[in-house]
Structure formats: C-alpha cells, structure tokens
Amino acid sequence: MTNRASSTHDLASSIDPKLRVVFVGHVDHGKSTLIGRILNDTNSLPEGKLEQVQRACAAENMEFEFAFLLDALLEEQEQNITIDTTQIPFKTVKRNYMIIDAPGHKEFLKNMITGAANADAAVLVIAANEGVQEQSKRHAYLLSLLGVQQFCVVVNKMDLTDYSEARFREIEDKYRQFLKTLNLEPRVFIPASARFGENIISPSKKMMWHKGPTVADALDDMAPLAPPVELPLRFCVQDVYKFDERRIIAGRIETGMLRVGDELVFSPANKTSIVQSIESWQPRSDNASGRANNETAIAGDSIGITLREQIFVERGYVGSHSKNAPIETNRFHADLFWIARQPARLSYLYTARLATQEVRCQIVSLDEVMDSSSLERSATKAEQLERNEVGRMTLQTRAPIVLDNHDRVPPLGRFVLVDDGMICGGGIIHGGVYTDRAAVKSKNIFWSEGKINAQARAAQHGHRGAVIWLTGLSGSGKSTIAQALERELFVRAMHPYILDGDNIRHGLNSNLGFSPDDRVENIRRVSEVAKLMSDAGNVVITAFISPYRADRQRARAIAMEGNAEFIEVFVDAPLAVCEERDPKNLYKKARAGEIREFTGIDAPYEAPVDPEIVVQTHQQSVEESVATILERLLPRLK
Amino acid sequence: MTNMARTDLDRLENQSVFIFREAYHSFKNVAMPWSMGKDSNVLIWLACKAFFGRVPFPVLHIDTTYEFPEMLEFREWATEHYKLNLVVKINKEARARGVGYETHDPVTVTHELKTVALQQAMAQYGWDALITGIRRDEDPTRAKERCFSPRNAQFEWDYKDQPPEFWGQFATTAGKGEHVRVQPLLDWTEVDIWRYIQRENIPIPQMYFAKNGQRYRSLGCRPITKPIKSNADTIDAIITELETTRTSERAGRAQDHHERNAMQKLRAKGFL
C-alpha cells in the first residue's frame, strides 16, 4: 500500500496523463457524497467552499451532505439529484485525476455513457443497506460493453449496517457472482462510509476486519490506459487540407504506429501510397514529450501526413499497413445499446458513424434483445429496440464501411447510430471475417471496379428493384393502396415510386386517348418505364385498371427482360361495391352514356388467373390490404 | 529510438486538435471568440497546430469598451503575428442606452455587453459554430459541459438534456438559427494551461505576471476584475503558486459572484 503521509512533490504526477475515473452506481447509493468526501479529505476543494455550503444548509434547515459540494445546477441543489455528468480534477500525492460523476438515474443513461466511455477506470458504488440494485447491474454491464476493465467496488453507507462484515461479504459475494457472468473481475471491494469518512483516505477504525486498501489507495493502484501502440495501425482521416502547396492528410492515429516511409493502404478504396512526411506547424522540439523527431507517430496522436504518390483520399478513409488491414464490408454484426426516446426500428434508415466514417445503414435483423438491468435475453423476433435495451443485430450499410472486431481493434470496432443529427445508440462489432486484401476481393464488395449491375445497386439501395403491378376495376382501391404501400416502403428507407394515370397520362402518354389501341399502347409504355425504373433499383408501383390479361402478361415479360421482380396484385372488389364507391363519379357518367367503353360497364375486365397477391378491398381495410402485400413482397426484395 | 511515452499535455493537445478538425469539417461557418486571455491564446496556438500554421476562420473579440489597454495592445500585436482575420464587436446600442458598470450591476452589464454583443455578431455573420476556450475546472456549471454543446436560436443552453458524447462522436449539426459551442479546452485545468504555455512558449499579456506584489489570475472587464496578491513573476512561479492555492480561479471576477448561481443564470442565457 502507498504511504499517504508523504508529501514530497512527485514530478511524474504532473507529466503523466491524468487518471480518468468514473463513479457509477444506483441512484442514491452515494456517488456524489463519496466524491465530495474525497475532494474534501484530499484538500481539493476551493477555500471556503465547504463552509459556504454548510452555511447554506443551515439557513435552509437542511442537514449538510458532502454531495452538495458537487451540485452546480439549481435543480440539482433543490432536488438533491445529479442531472448531468460532472468532471472535476483532483490530485493525490501519487497523481492527478479527473473524476467523472455519472448520474445513476435510469433516464440519465446517456449521461452515464458520456461519462464512462472516456474513463480509464471506474468506481462502482453500492449502498450497504440496499445492496445490489437494478442500476448496479446495468452500470456494470455497460462498463463491460464500453470496455472499461479497470474498476473497484465501494460498498458505501456501511454506517447504516453497523459496519457489519457479514453484510459486506454478502454483498461482495452476490455482486462478484453477477460480475462473473459479464467476465468482469473487480480489483477490490472496499467497505466504506463516505458520510463519515470511513476507509476513504485513511483506514477505518470501525472496520478493522477490512485488510484491503482504502478508496484513495485503490484509486492510486489503478493506471491510465497506455496508448494502444501494439495494435495494428489505424489512421482515420479527418480531412484533407490544401492551405498551401502541401496536400496534408489530417487525422488521428487510433491504434498502432506510423513511420515516414511506411506503405499505407487506404480503405475502402484499397489504394496504396508511401508516407512522405509527418507535417507539423512547429518542428517538434526536443521537449518533455519525447517527440524528438517527426519520423514516427503513435496511437492517440493527431497528425497530418503527406504521401509520395497523390492517390485519392478523403475524410472517412482508414490508413493501415497492408499486412494488418481492417475489414471492408457492407454487412456486420453488433451489440447495440439504445439511448434515444424513439425506439430503434428495423429497416429504418440511420446514419452510422464509425471513427470519421459516415454511412447510411439499416438494421436488417434483430436477433436478440436484452434488458440491460435484468440482463435477461429474449430471442424473440422483435421489430424494435426500446430505450435502455441492448440488441444483438445485423446491420447493412449503403456504402462500404471499414471496421474491425471490437475485441481486436476497439476504436474501429465501435460505432454510433445517428438519426436527425442526434446520437441514438452505440454499438460494438463482433464476428467480422478478415480477408487478405491482396487476395480475391470479397463477394460482398461490388463497388470497387467494373460495371454497375443490378446486384451492386441492390447492395447500395438495401433492396432489389421490382415492379408491383396493381390491377382492378375503377374504384377498387388501387390508388389508395398504391399510396399507402409507397409510404410503407418509403419509411423503410426503400425507393418506391408510383406510376398512375396522373403522372403518365399528362406527360409521356398525353398523345393517347381511350381507344382500345391507345389503351394497349398506354400499358406498353407504362411497362417499359416500369422496367427502366426497376432496373435503376426502384420499387415501381403501377396503378392502372389494365383490364386485359394480354397487356399484363406483356408487362410481366418486359419486366423479366430487365431481370426485375414482377408482382401482380389483384385489387379485387365486386363491381357493385366499386360502383357504389364511385369516387370520381365515372360509373354514373358511364351509366348515363357520357363515357364509352368503361371497364365493367361496357368494356370487359379480365381478372388475373394466377396473381402473386390478391387483396379483397370489400373485406379488408386499406391497412390490412397493404399488410397482405408487404408480407408477400418484402421477402422478395431482399 | 522514439520515446513512446506521451505526457498529459500531449494527450490534451492531441484531443484538442482532433476537436478543432472535427469542428472545421462539420460546420460551414465557424468563428472563434478571443478575449486575449491565456486560454484564448492557447486556443489560437492549438488552431495553428490543427491547421498547420493558420487560423482558417474569423476570430471574434467582443469589446465591452471596458478593456484593459494592455489587452488591446496585445490584440493588435497578436492579430499581426498570427495573421488573424479579426472581427471586433461592440454592443453600441446598449452603450448608447447608458448600460455600464458605473450604473448597472455586473450580471446585467456582462449579459448586455458580452452575451447580447455576441448575439448581434452571430446574427450579422451567421456563424453556426463558436469555438470557445472554456474549461471544466473554472466553474461548476462548466464542469457539466460537452465538447460540442448546442445552443438554440435564443442562445439557451438546455443543460438538462444534453446530447450524448462518446467514442469521439459529437453533436455536429445545428438547426437554422442555432449554433454549437465547440470547446476544445474543456478537459484542461488551469495548471495544464500554464504548463502548456511554458512548454510551447506561447505569447500572453504581461498582466498575468506579478508586479508590486499583485497579478491577474483571470482577466475580464477592468471595473470588475481584481488582481490577487502574488509574487509570481515567472511561469514557474505561477505554476508553483497554483499547485498550492485553494482559491478558485475566477474569484476575482465579480459577475460570477454577484448572486447565488449567477454563472448558471448567465450561461443558461448564452454567456460562454
């Protein structure tokens, strides 16, 4: 154990990185009190602060609490809760610290993550009287997910349990068991009372049975994380600057090491070039940082480099050595925690940000959902992920993304999902397969070279192109269904488009009338347009009466030429029902003889013999009809 | 052989440069308030590091008309030295109305001559991001800040619902009329600033160094900024002084202490 009585000024303490330590735990288990007590007992509080808060408490007839020392916002002072993460510097004899106080409330998960994700180490606080609670479990789980491996557990409020060793052991056993399921191994459990300063910076006389360290000792025994230089190089490009004659590629080395003269592979373009120089404004002098030269940069360094060959590089590109390149894919597996109010939805279009990359993506399957407090997993076929849940899922991106498995290169193995500019959740990537860059390109990658084919378009759009051909009597509900269907596909981030009388008759087919020949030509042109649009990757929905079987068969044949899916949907409703609806008063006009050759009245309607889908609009609502279509349609578009 | 160790200052510098570059990429129209104070000058220095010797966006001085003459001198010198694109803004309308320390309380004057002046400049230039030099250790409300901290069109800070920030991912979008405060020095402490000024030999105004037993620890408007008793006339002496002091840095800044929670009120309304 360190000797805390010593006060010799240790020069190393001012040069070494601060230890960033986050305090987490269930609400009201005493995190803020513990921090307040540490600040107070290490003389880290500004002069007069303690007296000032004590006076304020006395004036309002409140009992003084050390937690008040941290509350900065009026609301926090009044409600006695921590609303947002606070970061406070303090120091022991051994080193400088940045303490992060993360709120414990369930609804403040995002603040807790904000605090914990940047931490080197954590202190988990559990109140002795209440024991292990929901947040105790949730926070431990999130620490494991965030990769914070270095932590200790403080069993606080021992004064409320008569400093009972039995109670302490009971909590320790129970929590250790739980932590084991997360593969977490705390360094030490410390019985303490923040309120009375027991085992905070000096050993407690009331708990002589505790042979381990005090809280301060435990903190001093932890260490700031060293830069991950031994991992494969990942240089993530932030920007390319051309302020002067130099073309500087600016970015941060997330892992590994980069030297002048190294050959770098830039993903996803897979182009190589040699590092010509590491640029800097002031030549790095021989100072305390040890950067005696501009020849080498390591993990954590924000640098700028020039390349010998001027290959195309832009923000988002990842530079690596060819031997240990990252994965390049458009599909990956992840565990994702969700912090936004709106649940995460399947098929909805999000933006994934991974290091400096930004790519549109969708959750294509949600295989398992876990409640992050009970840690109960349910392998249901859930369609969405609620706030505070963690899901195991597969994501598909619209453009190639460069990544690593989290257990191999953590900074490239984590990403956030963004919706409308807001970070909604964070994910940890696993199960990715590394392939040799020099070897055959993965079949997942279509975009690098060659002609853009339907497969490539489908990969980028997230679905195949198709023609959905609605046919049925006037008034059967084709347009209504087409619009509802279009909306459903659109919110799934697909690319639907309706062709109907409104946008075809007035433009492309404005020279056609309603004679039998013109009707045939009308449908032929619609069929050709539908083919082109589906070939371009769209889901085309046509809404024409198209009464003749032969016309529809030809539409199918045309679509098939373009290798597009053709799905005939019979929008079926008895003539009497359609005539009753008569939304445009066409039946009335036809009965009155004002319109000639009106389908169903004085022209035939040839019902489909074997359509892919039938909806019966006199029995099904619009929603039900659309649901019927979606159920059959969506699997065919994957 | 290259030394693999990185010091605390290296880590802070790297993080700040990263934030600068993220901000410059994410926002079309960036500006950087500059008070000529020590933190402000570190900010300029870090911008030069991030952008290889230049500050590629305007630097804004909110001139309250209560500036120390030494600071204005330094402003002229540094503008030339760093080749800054300097914008000076004075809330002339408020001054014309007679708003001033002679007649008004410091919170009102700070709000009018700093925050409102800033709003006027924002409206005039349409900036969507401001790079500020605030630090968490200066004030308890700043301790709760984010590196990228959104402000609505009324400049209000929604401190009860701040965006999450982790893994180097920030809130990098601002809606119409809104802006984001980008705060690259948030993780730095007062001592870090001084150690960095020392290591990099960054020019700063001389008022920080003791003369006749007094020095300024934090600089603001003349009438409401008080010097502290000190004999620290070198950076080394200042660092030694700071390592033992338990007085807060902004103790000499009257607007912070005018009433209970003055800073929260000022900041919620748009003060830096």
Side-chain angles (χ1 to χ4, degrees), chain A residues 9 14-18 43 45-47 70-75 83-89 96 98 110-111 113-114 117-118 227 229 238-239 241 243 246 248 250 252 279-282 287-293 295-296 298 300-302 304 315 339 353 355 411 414 416 421-423 426, chain B residues 2-11 13-18 21-22 24-25 48-54 56 136-137 139-141 143-144 146 159-160 162-175 186-187 189 191 195 199-200 239 243 245-248 251 260-261 263-264:
Chain A
H9 181 67
S14 60
I15 289 175
D16 293 341
K18 299 178 188 81
N43 289 326
L45 288 170
E47 205 165 337
L70 263 75
D71 297 332
L73 304 171
L74 277 174
E75 291 80 357
I83 291 175
D84 208 324
T85 304
T86 310
Q87 300 198 20
I88 314 145
N96 289 308
M98 187 61 81
K110 72 175 160 65
N111 296 339
I113 287 168
T114 297
N118 296 317
V229 283
Q238 276 182 288
D239 226 327
Y241 298 134
F243 294 122
R246 294 170 297 179
I248 299 177
R252 184 162 71 181
E279 295 292 325
S280 58
W281 171 46
Q282 298 247 318
N287 55 33
S289 73
R291 290 164 164 177
N293 57 53
E295 294 293 307
T296 309
I298 63 164
D301 289 352
S302 289
R315 180 181 166 89
I339 49 182
R353 287 199 209 147
R414 53 202 185 201
V416 296
M422 292 294 294
I423 294 172
Chain B
T2 315
N3 189 347
M4 287 301 160
R6 289 290 182 266
T7 65
D8 200 33
L9 289 179
D10 293 330
R11 183 154 94 168
E13 179 191 81
N14 278 320
Q15 173 70 0
S16 299
V17 167
F18 178 79
R21 290 174 177 167
E22 286 300 285
Y24 186 58
H25 168 82
C48 289
K49 291 236 172 179
F51 307 113
F52 304 94
R54 57 192 57 66
R136 286 203 180 95
D137 72 328
D139 177 88
T141 63
K144 293 183 182 291
R146 299 285 198 264
Y159 50 80
K160 282 189 244 174
Q162 298 199 68
E165 193 166 278
F166 52 96
W167 300 340
Q169 305 294 345
F170 309 104
T172 48
T173 48
L186 215 47
D187 284 350
T189 64
V191 177
R195 289 211 176 94
R199 180 179 106 174
E200 305 279 322
I239 291 170
E243 278 182 334
T245 186
R246 285 182 59 202
T247 313
S248 76
R260 187 166 165 252
N261 299 299
M263 265 300 257
Q264 182 184 343

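Proteins come first, then strands; the chains are lettered A, B, ... in the order of their sequence lines, and each starts at number 1.
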Minimum-distance pair of heavy atoms, taken over all atoms of [X] and [Y]:
X: Gln169(B); Y: Ala355(A); answer: NE2-O, 2.9 Å
X: Phe243(A); Y: Pro56(B); answer: CE2-CB, 4.0 Å
X: Phe166(B); Y: Ala117(A); answer: CB-CB, 3.3 Å
X: Pro164(B); Y: Ile423(A); answer: CG-O, 3.5 Å
X: Gly426(A); Y: Trp167(B); answer: CA-CZ3, 3.8 Å
X: Asn118(A); Y: Glu165(B); answer: ND2-O, 4.2 Å

Point to revise | Under 4.5 Å from any heavy atom of chain B - which part of Ile88(A) | key: neither

Is [X] in contact with chain A via its backbone, its side chain, both, or neither, using a 4.5 Å heavy-atom distance?
X: Asp187(B); result: both
X: Ala174(B); result: neither
X: Phe51(B); result: both

I'd like to check [X] versus [Y] (side-chain heavy atoms, cut-off strictly below 4.5 Å). Are they in contact?
X: Arg252(A); Y: Asn14(B); result: no
X: Thr189(B); Y: Lys18(A); result: yes
X: Thr172(B); Y: Arg353(A); result: yes
X: Arg6(B); Y: Asp301(A); result: yes
X: Tyr241(A); Y: Arg21(B); result: yes
X: Asp137(B); Y: Met98(A); result: no
X: Arg246(A); Y: Phe52(B); result: yes

Practice item. Drop me the distance from Arg146(B)'s CZ to Asn111(A)'s CG, to the nearest 0.5 angstrom. Key: 5.0 Å

Exercise for review: Give a yes or no on whether the backbone of Ala143(B) and the side-chain of Thr86(A) come within a donor-acceptor separation of less than 3.5 Å.
Suggested key: no

Review point. Between the main-chain N or O of Lys144(B) and the side-chain N or O of Gln87(A), is there a donor-acceptor pair closer than 3.5 Å?
Key: no

